[in-house]
Trainee: 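Handing you this structure, nothing more for now.
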Amino acid sequence: MVKICCIGAGYVGGPTMAMIAYKCPDIQVVVVDISASRINAWNSDRLPIFEPGLDDVVRSCRGVNLHFSSDVESHVADSDIVFVSVNTPTKTRGLGAGKAADLTYWESAARMIADVSTSDKIVVEKSTVPVTTAEAIEKILTHNNPGKHDFQILSNPEFLAEGTAVADLASPDRVLIGGRGDTEGGRKAIAALKAVYARWVLEDRILTMNLWSAELSKLAANALLAQRISSVNAMSALCEAMGANVSEVAYAVGKDSRIGPKFLSASVGFGGSCFQKDILNLVYICECNGLPEVANYWKQVVQINDYQKARFVQRVVSSMFNTVSGKRIAISGFAFKKDTGDTRETAAIDVCHGLLGDKAQLSIYDPQVTEEQMRRDLAMAKFDWDHPQHLVPSSPTAASGQVAVAWDAYAAAKGAHAVCVLTEWDEFKKLDYQRIYEGMEKPAFFFDGRNVVDVDALRKIGFIVYSVGKPLDPWIKDLPAAPLS
Ligand code: NAI
């Protein structure tokens, strides 16, 4: 029986391995992690991550051919295929700080594989890594285990999107396998991994290519996706200035079959653990390869995203008489998108920081994010979030007295001067806004950073409404906007 081990039981390692176990009952799958609490959670009734449909998949094979363990070394030692799905954060210090990928966790995993292996292995890069990482990993493995065992390195980047991970894994647009197709061992390794996916993925959706193309394809895909969001967000600023409606513009543009309708929703900005990190990494690779113009082109995608978040805060503050000091502001949604509890790089962090800087009192509600997580996020330094949590010092935020956490959207808005929607949770579309309005201070402001509410209906109730990229409320239009800091 083939044994697969995955190092890293996170948002990628957990669901990906659960799907392999689910689709391949004859393969033993063990997911290992240095975080004992994460492993305990995977073995409990409350999984460490929220993903629609994931509970059922895990429950159907956990304890049968799917196992979660913190005994990392012993499971790696005798596996045939080792996936590495550890964090690849942005470096916070040293050369390339703020841009380059920090491969500390990847390298230590590779050294451990070399140390403990008792058989030949296929080592699969699942993490998103800089181009040529496979080559570096190959050197670490072969130099630390000289002549004893054969290691074949494959790149198999993951394209799942949080919130739809189970559906994406069950029916992927494509599976990429990069390897050394020019060697006998490389070809065999590619075929072995392909055979795993071929149990449920159509043959023509499994693409094989060289290692570097596969590594770069992942960075390129994320860069292009994020670029679409920044493009429509840039357009949303122009729509507001011109009195156009970004939803109508995006709809018209998306009807062009060369462009297509997906990923054209204007918002307060993209978040998540990948887009910013991967683009910064791409920028760094371009700079290191003497391509400053290309680097600057991609840098703009992140800059527009930061601009969009700052612009949102500016709209809130300038609409409310240029001060939110001491005013209660309800934050509806803290996760970086709906259907996930993930808050990594969520736009909510930057927006909350902006409002806290202006001395607002925040009352935050999110259906999936715990109070502990919110407070931790607001207290953490930039990029620290992507390091294993036990390595990150936690300090109480200076603004902790300005933050309260509410149990629902009504409680959050009670007594508030404004509501800011920062995550597009479906429940925010169905709230009783008349009731919310009645419980708020007047004038009652509503800032929709995700275009989830019916603007006209809210204006009829009496709210002063701002919705990203939509024609401005006369109240807001007539106010001078404070300059962006
Ligand atoms: P994560 O932070 O949720 O999980 C990584 C896990 O690796 C953590 O639980 C950590 O404790 C563990 N770990 C770190 N070093 C270890 C070691 N030496 N031994 C054992 N365990 C170790 O990260 P996530 O989101 O799963 O991402 C992993 C990789 O996949 C990253 O490179 C990311 O860019 C990439 N990716 C993430 C996607 C996402 O939607 N989250 C989608 C596609 C790729």
Side-chain angles (χ1 to χ4, degrees), residues 1-9 12-13 16-17 20-21 24 26-34 65 67 69 71-86 88 103-158 175-199 201 206-218:
M1 188 182 247
V2 173
K3 179 172 174 180
I4 290 180
C5 179
C6 176
I7 305 175
V12 168
T16 313
M17 292 303 118
I20 290 181
C24 313
D26 58 322
I27 295 180
Q28 279 295 322
V29 180
V30 185
V31 191
V32 296
D33 202 294
I34 42 175
N65 68 327
H67 308 274
S69 169
D71 189 356
V72 180
E73 297 186 0
S74 74
H75 286 294
V76 168
D78 64 350
S79 291
D80 305 291
I81 304 178
V82 179
F83 283 82
V84 184
S85 185
V86 301
T88 47
L103 292 180
T104 311
Y105 309 111
W106 230 108
E107 184 172 337
S108 87
R111 287 182 186 278
M112 183 268 298
I113 297 170
D115 285 347
V116 305
S117 285
T118 55
S119 58
D120 294 350
K121 292 199 191 324
I122 297 172
V123 177
V124 185
E125 275 179 357
K126 200 55 159 162
S127 305
T128 306
V129 290
V131 188
T132 72
T133 300
E135 204 176 349
I137 297 305
E138 195 172 58
K139 285 186 184 134
I140 290 173
L141 289 168
T142 45
H143 283 80
N144 285 285
N145 194 309
K148 282 199 236 159
H149 301 295
D150 179 53
F151 295 105
Q152 291 295 330
I153 320 294
L154 298 178
S155 164
N156 173 221
E158 184 49 57
V175 168
L176 270 196
I177 302 178
R180 292 196 182 277
D182 52 342
T183 69
E184 171 79 20
R187 280 193 295 275
K188 274 192 187 156
I190 293 169
L193 187 58
K194 196 172 169 183
V196 173
Y197 284 110
R199 309 289 187 90
V201 181
I206 307 178
L207 317 180
T208 58
M209 56 186 65
N210 80 31
L211 281 167
W212 299 271
S213 300
E215 288 175 335
L216 186 54
S217 298
K218 174 65 192 175

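Source: prediction; values computed, not measured.
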Trainee: Is there side-chain contact between Thr88 and Leu103, with at least one heavy-atom pair below 4.5 Å?
Mentor: yes
Trainee: Looking only at heavy atoms, what is the nearest atom pair of Leu141 and Ala110, with distance?
Mentor: CD2-O, 3.4 Å
Trainee: Could you check whether any side-chain heavy atom of Ser79 comes within less than 4.5 Å of a side-chain heavy atom of Val30, counting everything from C-beta outward?
Mentor: no
Trainee: Roughly how far apart are Cys5 SG and Glu73 CD, rounded to 0.5 Å?
Mentor: 11.0 Å
Trainee: Considering all heavy atoms of both residues, which atom of Ser85 and which atom of Gly13 are nearest to each other, and what is their separation?
Mentor: OG-N, 3.4 Å
Trainee: Work out which heavy atom in Cys6 is nearest to a heavy atom in Met17; give both atom names and the distance.
Mentor: CB-CG, 3.4 Å
Trainee: Looking at every heavy atom in both Val31 and Gly8, which two are closest together, and how far apart are they?
Mentor: CG1-O, 3.9 Å
Trainee: Nearest 0.5 Å, please: how far is CG in Leu154 from CG in Leu176?
Mentor: 12.0 Å
Trainee: Between Lys188 and Asp150, does any side-chain N to carboxylate O distance fall below 4.0 Å?
Mentor: no
Trainee: Using side-chain heavy atoms (C-beta onward) and a distance below 4.5 Å, is Thr133 in contact with Glu215?
Mentor: yes
Trainee: How many angstroms lie between atom OH of Tyr197 and atom SG of Cys24, to the nearest 0.5 angstrom?
Mentor: 9.5 Å
Trainee: CD1 of Ile27 to CD1 of Ile81: how many Å apart, nearest 0.5 Å?
Mentor: 6.5 Å
Trainee: Among Ile4, Val2, Asn65, find the one that has a side-chain contact (heavy atoms from CB on, under 4.5 Å) with Gln28.
Mentor: Asn65
Trainee: Between Ile20 and Phe83, is the side-chain contact (heavy atoms from CB on, under 4.5 Å) condition met? List the steps.
Mentor: CA-CA 12 Å; Ile20 290 181; Phe83 283 82; 4.1 Å; yes
Trainee: So, the side chain of Asn156 versus the backbone of Ile177: is there a donor-acceptor pair under 3.5 Å, distance only?
Mentor: no
Trainee: For the pair Ser119 (side chain) and Asp78 (backbone), establish whether a donor and an acceptor sit closer than 3.5 Å, ignoring hydrogens and angles.
Mentor: no
Trainee: So do Met209 and Leu207 actually touch side chain to side chain, heavy atoms under 4.5 Å?
Mentor: yes
Trainee: Listing request: all salt bridge (Lys or Arg N to Asp or Glu O under 4.0 Å) pairs with a residue in residues 114-136, at least two apart in sequence or in separate chains.
Mentor: Lys126-Glu158
Trainee: Distance from Asn145 atom CG to Phe151 atom CZ, nearest 0.5 Å?
Mentor: 4.0 Å
Trainee: Can you measure from CE (Met112) to CD1 (Ile34) and round to the nearest 0.5 angstrom?
Mentor: 9.0 Å
Trainee: Should Ile122 and Leu193 count as side-chain neighbours, where that means a heavy-atom distance under 4.5 Å?
Mentor: no
Trainee: Hey, does the side chain of Ser127 reach the backbone of Val129 with a donor-acceptor pair shorter than 3.5 angstrom?
Mentor: no
Trainee: Less than 4.5 Å apart, side chain to side chain, heavy atoms only: is that true for His67 and His75?
Mentor: no
